[in-house]
Amino acid sequence: MRAHGGWLAGLLACGLGVGHAQTTLTDTPVHYSTWGPAPDAAFAAHWGLTPEEVKRYHDYMAVEGQYFYRHLDPVLVLGLIETDPAQRTRYAEKYLATERRRIEAQVSFATLAATVQFQRFGLEKWVDFATLRGARARAGDLATRARPDAGGNNAFSPVAPAPDVTRLLAARPTAPGARAASPPRAPVQPHAGDTVDVLVEPDCGVACYQKLAELLKIPEVRIRVYGRHFKDTPAFIAWLEQRPGAAATRAADAKRLEPRRFDPLLFRGVSTLKAPVALWRRQGALLSPL
């Protein structure tokens, strides 16, 4: 009890100190918004509430809700404090309809903004946040870099229509087990910063391992490996670590392999092809399949 009392006294002292500092620095209170409360009539009309419901909301917020639900809209708050099942269901339906409308508006505007972004600025250079100072991912740590919450794991996918990858790979057979030569293409010289997106699966085995070994021979190219149909991240990492070769060689090569979760946008148009699928990109733009 004594420890709890000391902690509470310290907290109150800090609060009083902050309040005193604000009073000393300014003679007017700080306002974080420029709008005031709406008149009850406008408030009720906007949220579809009756005057009684508006009063109930204001009364509850004044005595308790302000400490817990200040950030929630009135329909949700009324639903939380309602005890009648029928009325609570009505609030839930009203809240859901409004929330769906909000989400639809947000997604629609975000899509429009992304479209305008591409129209005005085109495909811009990608940024791998895992390489920035303070990023959680560490070079050479496959498990860390494959975790969903590690920095840089979710590669940016341009909103712009991707090049006609299907046409580029038209000569590749889609029948299981069938293999054919790659379609004719102009040779592409690797540049520092180029990336290769490689799609692998747990059952592609030798073919996928050979493709990774082939790509590792290309200098100055980052290799991002996208695992599809793996049971989980540890299974994907284990598959990568089972590559043929000496342990020392595999450890050195692992520093250039960046495991990623499968992104269908990056492999749009070619995701139905048999793995491995490798796409060479420069600053986000597709140059050639490999």
Side-chain angles (χ1 to χ4, degrees), residues 128 130-131 137-148 150 152-155 165-166 168-183 185 187-282 286-290:
D128 184 357
T131 63
R138 297 172 294 175
D141 188 345
L142 293 180
T144 299
R145 289 153 68 188
R147 275 206 308 264
N153 279 339
N154 294 325
V165 182
T166 306
L168 292 173
L169 297 179
R172 289 190 57 174
T174 56
R179 305 294 296 177
S182 300
R185 62 180 183 272
V188 179
Q189 297 300 323
H191 289 181
D194 285 359
T195 61
V196 179
D197 297 328
V198 189
L199 174 62
V200 301
E201 296 178 343
D203 60 352
C204 69
V206 175
C208 286
Y209 289 144
Q210 289 179 347
K211 174 60 69 173
L212 291 177
E214 173 189 333
L215 295 174
L216 285 166
K217 296 178 182 179
I218 305 176
E220 300 183 327
V221 171
R222 296 173 50 198
I223 304 171
R224 300 187 296 201
V225 188
Y226 292 81
R228 182 175 62 177
H229 301 325
F230 286 89
K231 180 181 178 181
D232 49 29
T233 298
F236 180 30
I237 300 303
W239 184 91
L240 284 174
E241 293 176 343
Q242 290 170 3
R243 301 189 318 279
T249 302
R250 287 189 285 108
D253 290 342
K255 297 179 180 179
R256 295 186 57 200
L257 299 179
E258 302 179 16
R260 306 288 183 102
R261 291 179 296 166
F262 174 65
D263 185 345
L265 290 178
L266 287 177
F267 295 92
R268 180 173 51 188
V270 296
S271 60
T272 58
L273 294 177
K274 183 177 179 61
V277 176
L279 304 177
W280 193 336
R281 302 182 190 272
R282 180 170 298 161
L286 178 65
L287 296 182
S288 172
L290 293 175

Write down the atom of Val221, the atom of Trp280, and the distance for their closest heavy-atom approach. CG2-CZ2, 4.4 Å
Heavy-atom closest contact (Gln242 atom, Tyr209 atom, distance): CB-OH, 3.7 Å
Write down the atom of Pro259, the atom of Ile237, and the distance for their closest heavy-atom approach. CG-CD1, 4.1 Å
Just wondering, do Val198 and Val277 contact through their side chains at under 4.5 Å, heavy atoms? no
My understanding is that only residues two or more places apart in sequence, or in another chain, count here; which of them pass side chain to side chain contact (heavy atoms under 4.5 Å, CB included) with Ala235? Lys231, Asp232
Correct closest heavy-atom pair for Arg224 and Asp197 would be NE-OD1, 2.9 Å
In Å and rounded to the nearest 0.5 Å, what is the CG to CD1 distance from Asp194 to Ile223? 11.5 Å
For a quick test of reading the model, state the closest non-hydrogen atom pair linking Phe236 to Gly227 and the distance between them. CZ-N, 3.5 Å
Using the side-chain contact (heavy atoms from CB on, under 4.5 Å) definition, which of the options Leu266, Val200, Leu279 pairs with Tyr226? Leu266
Is there a side-chain contact between Pro202 and His229 in this structure, where contact means two heavy atoms from C-beta onward sitting under 4.5 Å apart? yes
Looking at side-chain heavy atoms only, is the closest gap between Arg256 and Leu216 below 4.5 Å? yes
Please give me the minimum heavy-atom distance between Leu273 and Arg228, naming the atom from each residue. O-NH2, 4.0 Å
Note, Trp239 side chain near Cys204 side chain (heavy atom, < 4.5 Å): yes
Rounded distance (nearest 0.5 Å) linking atom CD of Glu258 with atom OG1 of Thr195: 9.0 Å
Just say parallel, tilted or perpendicular for the rings of Phe267 and Phe262, cut-offs at 30° and 60°. parallel
Provide the full list of disulfide (SG to SG under 2.5 Å) pairs with a residue in residues 217-274, sequence neighbours left out, each pair given once. none
Could you pull out all donor-acceptor pairs under 3.5 Å where a side-chain atom in residues 247-254 meets a protein atom, sequence neighbours excluded?
from   : atom 1 : to     : atom 2 : distance (Å)
Arg250 : NE     : Arg243 : O      : 3.1
Arg250 : NE     : Gly245 : O      : 3.1
Arg250 : NH1    : Glu241 : O      : 2.9

